[in-house]
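These figures come from a predicted structure and were not determined experimentally. Every chain is numbered from 1, with letters handed out A, B, ... down the list of sequences.
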Number of protein chains: 2
Amino acid sequence: MAELSRRRFLGSLAGAGVAGAGLAIAGTSISAAASASAAADTVAFRGANQAGISTDVQNQLAFAAFDVTSTERADLVSMLQSWTTAAEAMTRGAPVPGDSATSDVPPADTGEADGLTASRLTMTIGFGPSLFDNRFGLAARRPAALQPLPALPGELLDNTRSNGDIAVQACADDPQVAFHAIRNLARIGRGTVVNRWTQLGFGRTSVTGAGQSTPRNLMGFKDGTRNIRGDDTTALDQHVWIGDGTDQAWMRGGTYLVARRIRMFVENWDRDLLSDQQAVFGRTKSAGAPLTGTDEFDTPDFAATGPDGTHVIPDDAHIRLAAFENNNGLRILRRGYSFNDGIDPSTGGLEAGLFFISFQSDPATFVTLQRKLGANDALNEYIQHVASGLFVCPPGMTRDGDYWGSGLFEA
Amino acid sequence: MAELSRRRFLGSLAGAGVAGAGLAIAGTSISAAASASAAADTVAFRGANQAGISTDVQNQLAFAAFDVTSTERADLVSMLQSWTTAAEAMTRGAPVPGDSATSDVPPADTGEADGLTASRLTMTIGFGPSLFDNRFGLAARRPAALQPLPALPGELLDNTRSNGDIAVQACADDPQVAFHAIRNLARIGRGTVVNRWTQLGFGRTSVTGAGQSTPRNLMGFKDGTRNIRGDDTTALDQHVWIGDGTDQAWMRGGTYLVARRIRMFVENWDRDLLSDQQAVFGRTKSAGAPLTGTDEFDTPDFAATGPDGTHVIPDDAHIRLAAFENNNGLRILRRGYSFNDGIDPSTGGLEAGLFFISFQSDPATFVTLQRKLGANDALNEYIQHVASGLFVCPPGMTRDGDYWGSGLFEA
C-alpha cells in the first residue's frame, strides 16, 4: 500500500520531532511537512464549513444517530470535546488519542483500522430537534426551522431507525475506516449517549467533485448528474450554507442534514421494461441522458413534446418533478449511499435501497420537494421512505479551542 | 479510473472483432488479447478449482443462500447453466448477457455495476445437504460427510440466517460489484429459487495471497496470520481440496464451505484491558506476535512458561486451541469478513462481528476444531455463533459445456 499507514504516520511524526502529535488536542496544528505527506489520502477536518458536505463524496458510509442519556450539560460538552479530538485524529489516519499500549487499561482505540490509511475519512456532526429541549439549556438557541419533519406523502417510518439527538456521518474510501470512526465515538460516548441506530452504505450515489464520475444507484441509473458541485461556491452559498439571515448566529456556515432511508423494491423494478424504467426517471439508463438529449449532461427540455403531443419527459418523471427549473430554483446537495441489510422477512425481498442524505440551508426546501415527489413521482411505485432524520450541522472549526458545537454551547 | 470499465471492455472486445463476447455462453473462450488487457482486475472464473477459495482474498463480500422452490430438476439445471453464464460474464466485468438495450423488455442486467470494473470479482457456489433429498434425484450422489452440522457448544443459531439449498459467495474489491453479482443471480433464479438470506461483509479478516498484508478483525487483532496460503499447494491438497479418496467422484477438486455468523460483543471487548485482550488471543494486539515472540510470523512456543510456571500463551488462549500443532495437524482455509448490521434492539449494542467462512476437505475438521474452541476458548466471553451453514463446493470447470454443478447432474 503506497499511502502512509496510521502506524507509519505516527512514526514519521515522531521522527520529525513532533512526537505526541497523535495526542494532539483540538486546535493544534500538525507540521506542514507531515501534513503534506499524508495529504493525498486525507481531507482537512477543520475549516469554515464541516468536511463531508461539499467535499468529494467517498465510496463508503457509516452513519450513526445517538440519544443523550446523561442529563448533565457538562457531560455532553465534555463528550463533544473528546469526540472532536478523536475525530480529528482519525481523519488524519491516526488512532484515537490516549493510552493504547499499556497493558492494564483498555486500549484507547479499538484497533481495527490500525494499518489502514486515512482513506479520505470525513466525520460530520449534526444536532437533532430533540437536543434543543429543556435538558441542556439549549431551547433558546433552537433555530425556528429546526422542527421534526412533517408527515410526508407515502412514507412509512420506522421510528427505531429514525431521528436522534445527535447524528454523525462518517464517509471514507475504506468501509472499515468508516465503521471504526463511528464505533470509537460510540465507545467514547458510553455513559453519555446511546447509539440509537446505524446505517452502512456501500456505494455512493451522488457526486460533488468536479472530476468525479457519476455513480449508479441500485436501480441501475446514474444518480447525481445535476447535483450541486463542491466547487460551485455560488450555489453552495445560495442553497446549502446557512448565511447571515439565520435567526441563530451559531449556525452561520452550517447546514441542515436530512437523512431518509429509502427502500427500493428492486425485484419489482427488475421486471419493469427498459422503456418504463426510462420514463420513470426521464433519462436513458445506459448514458443517463435526459430523454430529450443524448449526453448525460444535456439540459433536459421539459417543454419538448412527441408526435402524440405529450411531453417527451413525462409529467410524472422523476427528473421533471425534482428539477430546480420546475421548483422555483430550489436545490439541495445530495450525498446518498446504497444499502442492503439482508432479506425482508415479511416479503422475502432484498432489504435494499438508497440511504438518502441531503444538505440544504433550510429544511423547508426538502419538505417542499418531497411533498411534490411523494405525491406525484412515477418512482413511488418502486420505493418507499422507511426512516427519516433531520439534524442541523454546525459550521466548521477555525479557532483554537473550537470543538463540535462549541458555537452552540460557548457563545 | 485506470482500469478497464465494463462498458469500455465490451467496446474493446467489439473492436477486436469478437463482438458478442459479452453474450458468450459457458465454455467460450474470449480472445487472449482482450483477456490480457483486463487481467489485472480480473480473476479467472474457470480452472481446476473454483475461484474465491484459494485465490487472493478481496476486500468485500456479498453472500447469499437460496432455497429451491421448483420441484423440477430441469428447472434447477437450467438455472445453474444461466447462473454460470452470468457469473462468468460478471467476473470478466461484463454485464449479464442478454437484451439490455431494447425498450420493450426488462434489462437483462440490473445495471448498477455498469461503469465499474470487474474489481477482481469471484463467484463461488456450494450445495447444502438439503439439496440432496428426493426432490431432484440427488440422494445417491450425496457424499456421506454432507450432513447438517451437529449442535456445537455455545452457539445460538437463527435458522432464518442459516443453511439453504445453495450458497453463492461473491467477493470483490468493490462492494457494489459484489452486491450486483448476487442480486443478478437472484433475479435470474426467480421462479426456481428464493433468496433465503444474505450477508454483506466489509473488511476481509483473512489472507490467502503470499503478498497480502494481514488485516484486522473488529476486535482490533490481526486475523489470518497462520492461514493456509493460496500458493501452498501441498497444504491445499492436504487440507482443502477433496481428493481421490472421496466417495463421490463428482466432488474431486471441490471442498466444503462452512459459514458461521459470529456476533462479537464489541462493547464488552472494548472495556477489557489490553493485557486481557492479548491473553485471550495469545498474541500482542499491535504487532500480532505470539506472546512468546516479537514478530507476527514467529512460531508460537506453546511450551514456554513464565516465572510463575504457567504457560506464556495461556491454556485457554485462542491460538493455542486453534493451532494445528495442538490438533493433530488439522488445518482449515479461512476467508472471513467483518460485518455490522445495525443495532441489536434487544441490547442496544452493535449487531457486528465476523462472518466466518472456512474451506476444508472434510467438514469434520471444522466440527472437531469448533467443539474444542466452543467449549474452552477464552474468546467465548466476547463472541457467539448466531448462524451457520454447510455447503459442498463442486470443483472448477475445465471443459466446454461445464457449468456450476454439471459433474453432479450430468455424469
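- For a residue to count as touching a neighbouring chain, one of its non-hydrogen atoms must lie under 4.5 Å from one of that chain's; by this rule B:Gln199 does not touch chain A.
- For residues 186-197 of chain A, heavy-atom neighbours of chain B at less than 4.5 Å comprise A:Arg187, A:Arg190, A:Asn195, A:Arg196, A:Trp197, sorted by residue number.
- Of the listed residues (A:Thr110, A:Leu273, A:Thr198), the one with the most heavy-atom contacts under 4.5 Å to chain B is A:Leu273.
- For B:Thr102, the part lying under 4.5 angstrom from a heavy atom of chain A is the backbone only.
- Counting heavy-atom pairs closer than 4.5 Å to chain B, the top-ranked of the candidates A:Asp341, A:Thr214, A:Leu200 is A:Leu200.
- Heavy atoms closer than 4.5 Å to chain B are found nowhere in A:Ala64, neither backbone nor side chain.
- A:Arg263 places no side-chain N or O within 3.5 Å of a backbone atom of A:Gly353 that could act as its donor or acceptor partner.
- A side-chain donor-acceptor contact under 3.5 Å links B:Glu267 to the backbone of B:Leu350.
- Ionic pairing of A:Asp270 and B:Arg183 is present here: one or more N-O contacts between side-chain nitrogen and carboxylate oxygen are shorter than 4.0 angstrom.
- Heavy atoms of A:Asn340 lying under 4.5 Å from chain B belong to its backbone as well as its side chain.
- With hydrogens and angles disregarded, a donor-acceptor distance shorter than 3.5 Å links the side chain of B:Trp269 to the backbone of B:Met219.
- The main-chain N or O of B:Ser119 is found under 3.5 Å from a side-chain atom of B:Thr117 such that the two form a donor-acceptor pair.
- Residue contact with chain A, scored on non-hydrogen atoms closer than 4.5 Å, involves the backbone and the side chain of B:Phe202 alike.
- For a residue to count as touching a neighbouring chain, one of its non-hydrogen atoms must lie under 4.5 Å from one of that chain's; by this rule B:Glu351 does not touch chain A.
- Between A:Gln60 and A:Asp173 the shortest heavy-atom distance is CG-O, 3.5 Å.
- Judged by distance alone, the side chains of A:His180 and A:Asp109 do bring a donor and an acceptor atom under 3.5 Å apart.
- The side chain to side chain donor-acceptor pair (under 3.5 Å) check on B:Thr160 picks up B:Asp158, with sequence neighbours excluded.
- No donor-acceptor pair under 3.5 Å is formed between the side chain of A:Gln277 and the backbone N or O of A:Lys285.
- At a 4.5 Å heavy-atom cutoff, the contact between B:Leu218 and chain A is made by backbone and side-chain atoms alike.
- Of the residues considered (B:Asp104, B:Asn59, B:Asp276, B:Thr284), B:Asp104 shows the highest number of contacts with chain A, using heavy-atom pairs under 4.5 Å.
- Among A:Ile343, A:Asp223, A:Asn217, the residue making the largest number of heavy-atom pairs under 4.5 Å with chain B is A:Ile343.
- For A:Ser338 and B:Glu112, the side-chain atoms include no donor-acceptor pair closer than 3.5 Å.
- The closest donor-acceptor contact from the side chain of A:Gln58 to the backbone of A:Cys171 lies under 3.5 Å.
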